[in-house]
Amino acid sequence: MQQFAVVATHSSSQSESEAGSATAVVQLLDAAGTALRPPIHVYGNGLAAIVAELEAGKPRWVFDSVHTWYPGLLAAGVRIERAHDISLVRAILHLAPYALPGPYLESITRLADPAHGAPAHLLPPARVSADQGELFSEPKDDTGALENVVAEFLAQRTAVPDTERGKRLGLLLAAESAGALIGAEMTHAGVPWDVAEHQRLLNEALGPRVAPGVRPPHMEELAGELRLLLGAPTLNPDSPAELLKAMNRAGIAVSNTRAWELAEIKHPVIEPLLAYKKIARLASANGHAWLERWVAEGRFRPEYIVGGVITGRWASHGGGALQIPHQVRSAVRADEGRLLVVADAAQLEPRILAALSRDTELATAARGKDLYQGIADAGFGGDRAHAKVAMLGAMYGATSGESGRLMPKLKSTYPRAVALVEWAAAQGESGAAVASFLGRGSPAAPEAWMRARTRASTDAEQRAVETEARSRGRFTRNFIVQGTAAEWALCWMGELRRRMNNLREAGDDPGELVFFLHDEIMLHVPAGRADEVVALVHESAQAAAELLFGKIPVDFPVSAVIVDSYDQAK
DNA sequence: CTCTATTGCGCG
DNA sequence: AAAGCGCGCAATAGAG
């Protein structure tokens, strides 16, 4: 029998600001939401022990936010298997087309109004009325208290209908909550970071370390060269405005200083300038200051913001975790006796589109490892580059250039897939919302946008409105694909975590998930278990596809490699 | 001084 | 070779 264990802040300690000493209360509920025993009051640091004890019964732990409660439990050595994250669920239900309308959804809409379309962690909690008969209508500001948490949890459960679509939504809510556990566990584990290797590569690129605020030697040398070549003795190449003026004065006709545009130009200053930009970026984004701020005890520990991206992808906070440049990946290195397993899904988004649209032709092209070659062979005379550009253009809404020209061919070869993304684009252009496969909704256009649309009178206003509409169309077009891909990835990690937990319960050490990047995962595992973990990674990918879509003829291959350091992967 | 916008570049 | 989507972060420049 499924049990729920609701954790809340003890209502008598609402005003305590020291989170470390805050007291908590735990309430066990049965599947119908009935209390199984009186609430357990926890004082001081006793929560971890209580959680560890109750975890034996495998309840689903209900938190107002996993992000605020779970790190402390992990620090105390306690892991849990299942959770329900009220804040994350609230954010999804707020925009979910499959959710049942009712007082709860109305209350979130009202409370969320100023933050329309805000990411999960910015929505305010729903609040219980002092008068229980008027649940969620007249808020009482006691948001962390047990009665509020229990009431909102039960309201969230009843907002999910018992229908086919409701089951999908339920899966999404469970997967999102599992994601919150995984995110906290990854922060706890940390990415293994070889500080000496990082310092070595900084030294190689920038020269010996200098005081903060001083330009590193190799940058200073290049800056001197740039000043000479441009005849600008005081130039600060870090200022785009100064650099632009200096280049124009030297007779180089550019309108901005972006590296890829500069690369087109033939002039002696370009080579040292691009070299400067390259190492300047390294120094400012991942230099010594970064290392000192974000790496401790050989671990990089970013925070993951689950559902932080509107499409359901994760965002991160701290150290630019989702943008670790290829340049420094040699510093991501397994501990002695351990190895990294790095896995990524091959061409995930077009495969998701094949599954979403039930396009059997595209599914056929997706059979096997190289989907783009499959498309190329089916309709682009074997030209893989063209096939790829056309497919990306369809998913992103490219209009101009190569991609636009190839669209008719793609459309005639895969009418169902292209029709789906074009439908999504049309929805967006009209101001309507769309949803991912499991039912994460996109925000609809704001009222003001709709009004401005009908009011546009002059030609210029009309054009601006159409440009805006097309932009929204590209967003909704991409949303259904990116959002569903994020769901697949969440299920992939969830399935993998479950399998690893099974091993751990059997007394083995399967290692840990330590990093996640949209369609890529990294595990830090005992050397002797790497092959076993690779097998679980593959198995989980197939399980995730079936969990989402059932048995369909679309392959979701992943490549998984065993390496010492991250730069050795792909 | 703090706050915000702009520019540019890293990642999928 | 970039474009079409989604982000975070650092440095600079300007506003208050």
Side-chain angles (χ1 to χ4, degrees), chain A residues 119 212-213 215 219 236-245 254-264 273-274 276-287 289-290 293-294 302-305 307-329 344-350 352-353 385-386 388-407 410 421 424-425 428 434 436 440 442 470-486 488-489 515-522 566 570:
Chain A
R215 197 174 265 132
M219 278 173 69
N236 169 15
D238 295 326
S239 165
E242 274 189 47
L243 185 58
L244 187 61
K245 273 185 210 155
V254 284
S255 57
N256 61 58
T257 65
R258 287 169 207 163
W260 69 263
E261 292 202 14
L262 299 181
E264 308 288 295
L273 178 52
L274 292 179
Y276 180 90
K277 280 175 168 285
K278 188 81 186 156
I279 63 173
R281 168 76 192 181
L282 174 65
S284 81
N286 296 96
W290 181 91
R293 177 148 179 221
W294 299 113
E303 274 180 31
Y304 293 90
I305 316 286
V309 178
I310 193 73
T311 56
R313 274 187 173 183
W314 292 12
S316 70
H317 175 71
L322 306 189
Q323 309 140 255
I324 299 173
H326 291 97
Q327 229 179 339
V328 305
R329 291 188 179 188
D344 75 309
Q347 304 128 5
L348 179 57
E349 293 193 349
I352 289 291
L353 177 57
H386 275 181
K388 181 174 177 177
V389 162
M391 193 70 228
L392 292 177
M395 292 187 301
Y396 292 156
T399 49
S400 59
E402 190 85 69
S403 192
R405 284 195 296 281
L406 295 167
M407 205 51 59
L410 193 77
V421 289
V434 295
S436 65
R440 189 189 302 266
S442 75
R470 277 193 297 274
S471 171
R472 272 197 60 83
R474 288 193 300 274
F475 165 63
T476 50
R477 171 195 290 265
N478 187 250
F479 184 98
I480 59 170
V481 178
Q482 190 183 116
T484 306
W488 181 91
F515 189 60
F516 170 52
L517 183 54
H518 310 319
D519 62 356
E520 176 180 339
I521 56 178
M522 182 190 296
Y566 194 13
K570 58 171 149 175

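Here is the naming used below: chain letters follow the sequence lines, and residue numbers restart at 1 for every chain.
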Answer with base, sugar-phosphate or nothing: what part of the nucleic acid does [X] contact at a heavy-atom distance below 4.0 Å?
| X | answer |
| --- | --- |
| A/W260 | sugar-phosphate |
| A/R329 | sugar-phosphate |
| A/F475 | sugar-phosphate |
| A/A259 | sugar-phosphate |
| A/V389 | base |
| A/D344 | nothing |

Check: [Y] main-chain N/O paired with [X] side-chain donor or acceptor under 3.5 Å:
| X | Y | value |
| --- | --- | --- |
| A/N478 | A/M395 | yes |
| A/S442 | A/V434 | yes |
| A/R477 | A/A394 | yes |
| A/W314 | A/V309 | no |

Paired to C/dG4 by Watson-Crick or G-U wobble criteria (both distances under 3.5 Å) is none
Nearest listed nucleotide, side chain of [X], among [options]:
| X | options | result |
| --- | --- | --- |
| A/R258 | C/dG6, B/dC9, C/dA11 | B/dC9 |
| A/Q323 | B/dG12, B/dG10, C/dA10 | B/dG10 |
| A/V309 | C/dC7, C/dG4, B/dG12 | C/dC7 |

Without decimals, in angstroms, what is the distance between [X] [atom1] and [N] [atom2]?
| X | N | atom1 | atom2 | result |
| --- | --- | --- | --- | --- |
| A/F516 | C/dC7 | CZ | P | 15 Å |
| A/E242 | C/dA11 | CD | P | 16 Å |
| A/L392 | B/dG12 | CG | P | 14 Å |
| A/I324 | C/dC9 | CD1 | C1' | 14 Å |
| A/H518 | C/dG8 | NE2 | C1' | 10 Å |
| A/M395 | B/dG12 | CE | P | 15 Å |
| A/L274 | B/dG8 | CG | P | 13 Å |
| A/L282 | C/dA10 | CG | C1' | 13 Å |

The answer to which of A/G393 and A/G318 contacts DNA chain C further toward the 5' end, by nearest nucleotide, is A/G393
By nearest-heavy-atom nucleotide on DNA chain C, the more 5' of A/N236 and A/A321 is A/A321
Note: A/L322 and A/S316 closest approach over all heavy atoms is CG-OG, 3.6 Å
When every non-hydrogen atom of A/V328 is compared with those of A/I324, the smallest separation belongs to CG2-CG2, 3.9 Å
| said: Measuring only the C1' atom in each nucleotide, how far is C/dG4 from B/dT6? A whole number of Å is fine. | reply: 22 Å
Quiz item: [X] side-chain donor-acceptor pair to [N] base, under 3.5 Å:
| X | N | answer |
| --- | --- | --- |
| A/Q482 | C/dG6 | no |
| A/R281 | B/dC9 | yes |
| A/R313 | B/dG12 | yes |

Per the O4'-C1'-N9-C4 / O4'-C1'-N1-C2 angle with a 90° window around 0, B/dG8 comes out anti
Indicate whether OP1 or OP2 belonging to [N] is found under 4.0 Å from a side-chain N or O atom of [X].
| X | N | answer |
| --- | --- | --- |
| A/K277 | B/dC9 | yes |
| A/S239 | C/dA11 | no |
| A/H326 | B/dG12 | yes |
| A/R474 | C/dG4 | no |

For A/K277, look at atom NZ and say whether over 12 heavy atoms of other residues, nucleotides or ligands are found less than 6.0 Å away.
yes
